[in-house]
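Notes for the one structure printed next.
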Amino acid sequence: MESPHSLSPSSSSSYSSDGVAFDTEEPRTPLAVRRALHLLNSGEPHLCLQAARDIRRLTKTSQRCRRQLSQAVGPLVSMLRVDSPESQESALLALLNLAVKDEKNKINIVEAGALEPIVSFLKSQNVNLQESATASLLTLSASSTNKPIISACGAIPLLVEVLRDGSPQAKADAVMALSNLSTHPTNLSTILETNPIPFIVDLLKTCKKSSKTAEKCCALIESLVDYDEGRTALTSEEGGVLAVVEVLESGTLQSREHAVGALLTMCQSDRCKYREPILREGVIPGLLELTVQGTPKSQSKARTLLQLLRESPYPRSEIQPDTLENIVCNIISQIDGDDQSGKAKKMLAEMVQVSMEQSLRHLQQRALVCTPSDLPIAGCASEVSSK
């Protein structure tokens, strides 16, 4: 497709397919990028402010502009230290967009000294500045290189404070940043020391169970319950286990995998201690559904947890192997309340129906493959290959 612009041979500029002007002397750099860099390096506060806003706009969706504006990192980091909330926030948002989906820029921003001012903004009374700083740390913490450096700057306790007292958006970004940081081994113990589980549970109770926030809350909880302090904190928090069970029932596939993983870790660590708190929250229906509809990992974990939730965790003899029905019947016989027992039995019946339907579809597909067809096979093959 031709460009919508037509130029005479003597023109000093050309246009890309998206209509952005380029000088012929520097065909790879759009004029808007060079203008923003020129303003940023002018040293004039009002021009630098305009440049930061332009850079934020240019890098919002363009990976190419993020690469071309990588040299703006140093001047923008300098703007973070200017005593002007307007300049600080504009520079912070520009850096945030530069870092999105660009590993090199993420690392360069940290190396340029951005963490000190960004971490200080987490304590700001300016809600916008605190939210922007939290979002920036969320993006920067996606880089494995940056994870230990962010922790060393003292960001983790402050992120937990944001998780406790911040705006709804800041809380969501804080838990996602903490989840990112938790994948570095030395950071997990630092997070645990801040006792974040009450605040994670509070957020998990109020957020939509199928949201990304719920997914990150459960991912973080799954990591923290590897430790005795984490398990104790979750069961001590009113509605803590229930919040995890609710995600297991209605979260995304990934969220449900984290949720069942957290409960399984608890039960494996001390079955006698955690079996009853987990059963009490009505986990069985969700586990039954996971054994059929979950990811391969969550299916396996759900089956293992169902085994542990039986009255006796030990397998029977090979002559009487544990079927899923035996496990479920054993569990529901130990649960008080007709409603919960009936719900579990109904779920088991639904699972059997789903399993039968899947088996029938599989048999039908095999029959189609194995049974000679009256259709002209060569014609079908040629149609497929022509697409």
Side-chain angles (χ1 to χ4, degrees), residues 45-46 48-61 72-73 75-100 105-106 109-110 112-143 146 149-151 153-182 190-191 194-208 211-217 220 243:
H46 68 286
C48 290
L49 182 60
Q50 182 59 53
R53 290 170 176 166
D54 289 345
I55 291 169
R56 180 191 178 192
R57 175 178 52 81
L58 289 166
T59 55
K60 186 174 183 179
T61 57
V73 167
L76 287 170
V77 169
S78 297
M79 285 180 66
L80 296 178
R81 295 186 170 85
V82 174
D83 189 17
S84 163
E86 188 178 24
S87 292
Q88 291 168 342
E89 187 178 354
S90 294
L92 197 50
L93 292 171
L95 287 167
L96 173 58
N97 280 1
L98 279 169
V100 171
N105 279 350
K106 285 181 176 72
I109 289 168
V110 169
L115 285 181
E116 183 184 353
I118 290 175
V119 170
S120 72
F121 296 154
L122 293 177
K123 298 179 285 186
S124 175
Q125 297 302 307
N126 183 320
V127 174
N128 291 335
L129 197 56
Q130 187 186 76
E131 285 184 351
S132 299
T134 308
S136 297
L137 286 176
L138 164 58
T139 301
L140 294 173
S141 64
S143 165
N146 290 342
I149 306 172
I150 292 172
S151 176
C153 286
I156 286 175
L158 293 173
L159 283 169
V160 173
E161 287 184 17
V162 172
L163 182 58
R164 181 187 65 198
D165 300 322
S167 68
Q169 184 60 57
K171 287 181 178 181
D173 287 344
V175 82
M176 287 191 263
L178 288 167
S179 180
N180 282 348
L181 292 170
S182 72
T190 305
I191 294 171
T194 65
N195 190 29
I197 282 186
F199 316 124
I200 299 171
V201 169
D202 283 344
L203 182 58
L204 190 56
K205 286 178 180 178
T206 57
C207 73
K208 189 176 180 180
S211 65
K212 194 72 175 177
T213 301
E215 180 182 321
K216 293 301 182 181
C217 284
L220 196 48

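A quick note: this is a predicted structure, and the numbers were derived from the prediction, not measured. Hydrogens, waters and symmetry mates play no part in the numbers below; they use all other heavy atoms, side chains included.
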### Message
Nearest 0.5 Å, please: how far is OG1 in T134 from NZ in K171?
### Response
12.0 Å
### Derivation and outcome, side-chain contact (heavy atoms from CB on, under 4.5 Å), residues L76 and L98
CA-CA 11 Å; L76 287 170; L98 279 169; 3.6 Å; yes
### Message
Testing the basics here: between L115 and L140, what is the closest heavy-atom pair and its distance to 0.1 Å?
### Response
CD2-CD1, 4.3 Å
### Query
Which distance, rounded to the nearest 0.5 Å, do you find between the OG of S151 and the CD1 of I191?
7.5 Å
### Message
Can you tell me how far apart CG (D173) and CG (L138) are? Round to the nearest 0.5 Å.
### Response
5.0 Å
### Message
For R56 versus N97, what's the shortest heavy-atom pair and its separation?
### Response
O-ND2, 2.9 Å
### Query
Are the side chain of N146 and the backbone of V110 linked by a donor-acceptor contact shorter than 3.5 Å?
no
### Query
Does any non-hydrogen side-chain atom of I150 lie less than 4.5 Å from one of N180?
no
### Query
So, do R57 and K60 sit near enough that their side-chain heavy atoms are less than 4.5 Å apart?
no
### Query
Atom CG in L92, atom CG in N128: separation rounded to 0.5 Å?
11.0 Å
#### Entry: V162 versus L122, closest heavy-atom pair with distance
CG2-O, 4.0 Å
### Task
Rounded to the nearest 0.5 Å, what's the gap from CD1 on I118 to OG on S124? Could you check?
13.0 Å
#### Entry: Close side-chain approach of Q88 and P117, heavy atoms under 4.5 Å
no
## Note on the structure
Output for pair (L80 CG, S90 OG), nearest 0.5 Å, gives 10.5 Å
### Message
Can you give me the closest heavy-atom contact between S87 and L49, atom names plus distance?
### Response
CA-CD1, 3.9 Å
### Task
Of all the heavy-atom pairs spanning K208 and A214, show the shortest one and how long it is.
O-CB, 3.5 Å
#### Entry: Check: T206 and D202 side chains under 4.5 Å, non-hydrogen atoms
no
### Message
A quick test of your reading: do over 12 heavy atoms of other residues, nucleotides or ligands sit less than 6.0 Å from NZ of K205?
### Response
yes
### Closest non-hydrogen atom pair between R81 and G113, with its separation
NH2-O, 2.9 Å
